[in-house]
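Report on the following structure.
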Amino acid sequence: MNVVLTHSTKYRYSEDVRLGPQIVKLHPAPHCRTSIADYKLEISPNPKNIEWLSDDFSNKTAKVTFDDKTNHLEIHVTIAAKLAPINPFDFFLDPSAVHHPFSYEASLKNELSQYLTVSEAGPLFKAFAEKIPKERRRSIEYIVYLNQLVFNRIRYLVRYEPGVQTAEQTLELGYGSCRDSTWLLVQLFRSLGIAARFVSGYLIEVKPEWHNLNSPQSSQEQVAELHAWCEVFIPGAGWIGLDPTSGLLATEGHIPLAVAPSPQDAMPIYGELDVCDVELTHQITTSAISS
């Protein structure tokens, strides 16, 4: 199915302000498996310059600069994508990683070090990780099991507050947004010796039967949203996407925009501006188009 996704983000400022460089990570990432036929980024007011850069994690990033003060900032993204079915299990594993636990070769482990660092040490997180069976099992079965473990433990909700909950907070509350459950899953994988990174992207569900188990079931319209999920590195397969809000692997409806060791480094839009009050609105829509 061919679809067009449109994403509009609008900031309204209480007065004219000067904007520092704005960093926009709303371009499909280089490792995106969904076929992208067209991409357009439009910004108002007219920027002085848009520089396309590759950041430390190989994300395609727009650095946007402005000359004059403004009372608004609008960022509009249009993506035309072909949602051809993707088999998420279409990969081979290196013989050394067919079963867990496995060890990364020394040089690879050094390259993955930032994706193996565990920053959570609370008692609830420790107890959660310690209850996981330690017996040897097939690596694919193991990562699917861990993904579903978080899916069954954490109730999904839409949370508009900024920031990401700690793993300890998410376990204590028993609920969280996609970014909260993803960060918990990232930390869980790392605590078990599996390199994991945070992914920010779009989730497109154009058919009712595709709906994420936590997406609106009452609507028969196309569903699109900013989303977060996790990727783990298994030798031979590379990075494998896992979505803890559905308990499933990432497929053609998952369009990664930014990957990073932490949620802060995968933020879609950030930058500095003068002190003021800000009103933020955003909308994402999809429509099917004829091939």
Donor-acceptor pair, [X] side chain versus [Y] backbone, under 3.5 Å?
{"X": "Asp180", "Y": "Gln165", "answer": "yes"}
{"X": "His27", "Y": "Trp52", "answer": "no"}
{"X": "Arg197", "Y": "Glu231", "answer": "no"}
{"X": "Ser177", "Y": "Val158", "answer": "no"}

Could you go step by step and tell me if Ser8 and His76 meet the side-chain hydrogen bond (donor to acceptor under 3.5 Å, both in side chains) rule?
CA-CA 5 Å; Ser8 296; His76 303 280; 2.8 Å; yes
Sorted by chain and number, sequence neighbours left out, side-chain hydrogen bond (donor to acceptor under 3.5 Å, both in side chains) with Ser35 holds for none
Who are the salt bridge (charged side-chain N to carboxylate O under 4.0 Å, His left out) partners of Asp55, not counting sequence neighbours?
Lys25
Which residues satisfy the salt bridge (charged side-chain N to carboxylate O under 4.0 Å, His left out) test with Glu120, sequence neighbours excluded?
none
For [X], does the [atom1] atom have more than 12 heavy-atom neighbours from other residues, nucleotides or ligands under 6.0 Å away?
{"X": "His282", "atom1": "NE2", "answer": "no"}
{"X": "Tyr39", "atom1": "OH", "answer": "yes"}
{"X": "Arg12", "atom1": "CZ", "answer": "yes"}

Establish, from distance only, whether the side-chain atoms of Ser107 and Glu105 form a donor-acceptor pair under 3.5 Å.
yes
Please determine, by modelled atom types, if Asp94 and Ser96 share a side-chain donor-acceptor pair under 3.5 angstrom.
yes
Flag side-chain contact, heavy atom, 4.5 Å: [X] against [Y]:
{"X": "Phe91", "Y": "Ile140", "answer": "yes"}
{"X": "Ile79", "Y": "Pro28", "answer": "yes"}
{"X": "Asp274", "Y": "Tyr13", "answer": "no"}
{"X": "Tyr115", "Y": "Val232", "answer": "no"}
{"X": "Phe66", "Y": "Gln22", "answer": "yes"}

Between His254 and Trp229, is the ring centre distance below 6.0 Å?
yes
Determine, stepwise, if the pair Glu272 / Arg18 fulfils salt bridge (Lys or Arg N to Asp or Glu O under 4.0 Å).
CA-CA 9 Å; Glu272 296 182 350; Arg18 189 170 299 281; over 6 Å; no
